[in-house]
Amino acid sequence: EQKFFDHSFHYMKQKNLSRWLKCILLGVGICGLIIYGVILPLYGDSLAASYPEFANRFWPWMGFLWVTAVPCFAVLVLAWRIATNIGRDRSFSNENASLLKWISVLAAADATFFFLGNVVMLLLDMSHPSVVLASFIIVFAGIAVAVISAVLSHLVKKAAVLQEESDLTI
């Protein structure tokens, strides 16, 4: 009976952790929608109104920024699946390792696309060198997410193998 209680308590902690992760992911998703759907268009429109000579840059930049949002929201979907697996007490699974690897690939691809897009916008005379330099902060964050996700993927994969071996010996 004690073993059942310990397992149930552990399972409830996993469910609670999963709920918290999903709440955080929802918050990040809502913030992303507000940034990409409201703040950036309003800021861009304000810049175009203040500097009419730059008005022709509004839609190319908005399109570029919206394309960069797609992998970000895809990562949130993958992270939601990981949170669901955690709630089902499958934290250390090959599926989670694979999902983390996909997050790593998406983050690296998005960071690369963001950097190259900024360079292209500069070459098309639709940007300023300071914007490209400032974009390094976002590129660095994307690469950091890619590296952390790749490391976590490796560790989760190793833990999944150890857990499988442990389950076989019991």
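Computed from heavy atoms alone, side chains included, the values below leave out hydrogens, waters and symmetry copies. Fair warning: this is a prediction, and the values are worked out from it, not measured in the lab.
Between I35 and P41, the shortest heavy-atom distance links the atoms O-CD, 4.1 Å. Considering all non-hydrogen atoms of both residues, N94 and E164 come closest at ND2-OE2, 3.4 Å. The two atoms that bring R90 and R88 nearest to each other are NH2-CD, 2.9 Å, heavy atoms only. When all heavy atoms of V139 and F115 are compared, the pair lying nearest together is CG2-CB, 3.7 Å. Of all heavy-atom pairs spanning A97 and V156, the tightest one is N-CG1, 3.8 Å.
In this structure, L99 CG and L152 CG are separated by 12.5 Å, a value rounded to the nearest 0.5 Å. The structure places CG of L42 at 11.5 Å from CD1 of I34, a figure rounded to the nearest 0.5 Å. Annotation: the span from S91 atom OG to Q163 atom CD amounts to 8.0 Å, rounded to 0.5 Å.
For residues 66-85, the pairs satisfying side-chain hydrogen bond (donor to acceptor under 3.5 Å, both in side chains) are K22-T84, R81-E95, N85-E95, N85-N96, with sequence neighbours left out.
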Side-chain donor-acceptor contacts of residues 100-108 below 3.5 Å, not counting sequence neighbours, with atom names and distances?
unit_1, atom_1, unit_2, atom_2, d
S104, OG, A146, O, 2.8

Enumerate donor-acceptor pairs with a distance under 3.5 Å from any side-chain N or O in residues 123-137 to protein atoms, sequence neighbours excluded.
unit_1, atom_1, unit_2, atom_2, d
H128, ND1, S130, N, 3.0
H128, ND1, S130, OG, 2.8
S135, OG, V132, O, 2.5

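In this structure, I39 is a member of the same hydrophobic cluster as V28, with clusters built from ILVMFWY side-chain heavy atoms closer than 4.5 Å. The cluster map of Ile, Leu, Val, Met, Phe, Trp and Tyr, joined by side-chain heavy atoms under 4.5 Å apart, puts L33 and V67 in the same cluster. Note on L26: it does not cluster hydrophobically with V75, by side-chain heavy-atom contacts below 4.5 Å among ILVMFWY residues. Linking ILVMFWY residues whenever their side-chain heavy atoms come closer than 4.5 Å, directly or via other members, places V119 and I138 in the same cluster. Criterion: ILVMFWY side-chain heavy atoms under 4.5 Å apart, direct or through other members. Under it, M121 and Y36 are part of a common hydrophobic cluster.
In this structure, the side chain of S50 does not engage the main chain of L47 through any donor-acceptor pair within 3.5 Å. With hydrogens and angles disregarded, no donor-acceptor distance shorter than 3.5 Å links the side chain of S18 to the backbone of I86.
Annotation: F73, atom CZ; neighbour count of heavy atoms from other residues, nucleotides and ligands within 6.0 Å is above 12. A 6.0 Å sphere centred on CZ of F114 holds more than 12 heavy atoms belonging to other residues, nucleotides or ligands.
A distance below 6.0 Å separates the ring centres of F64 and F113.
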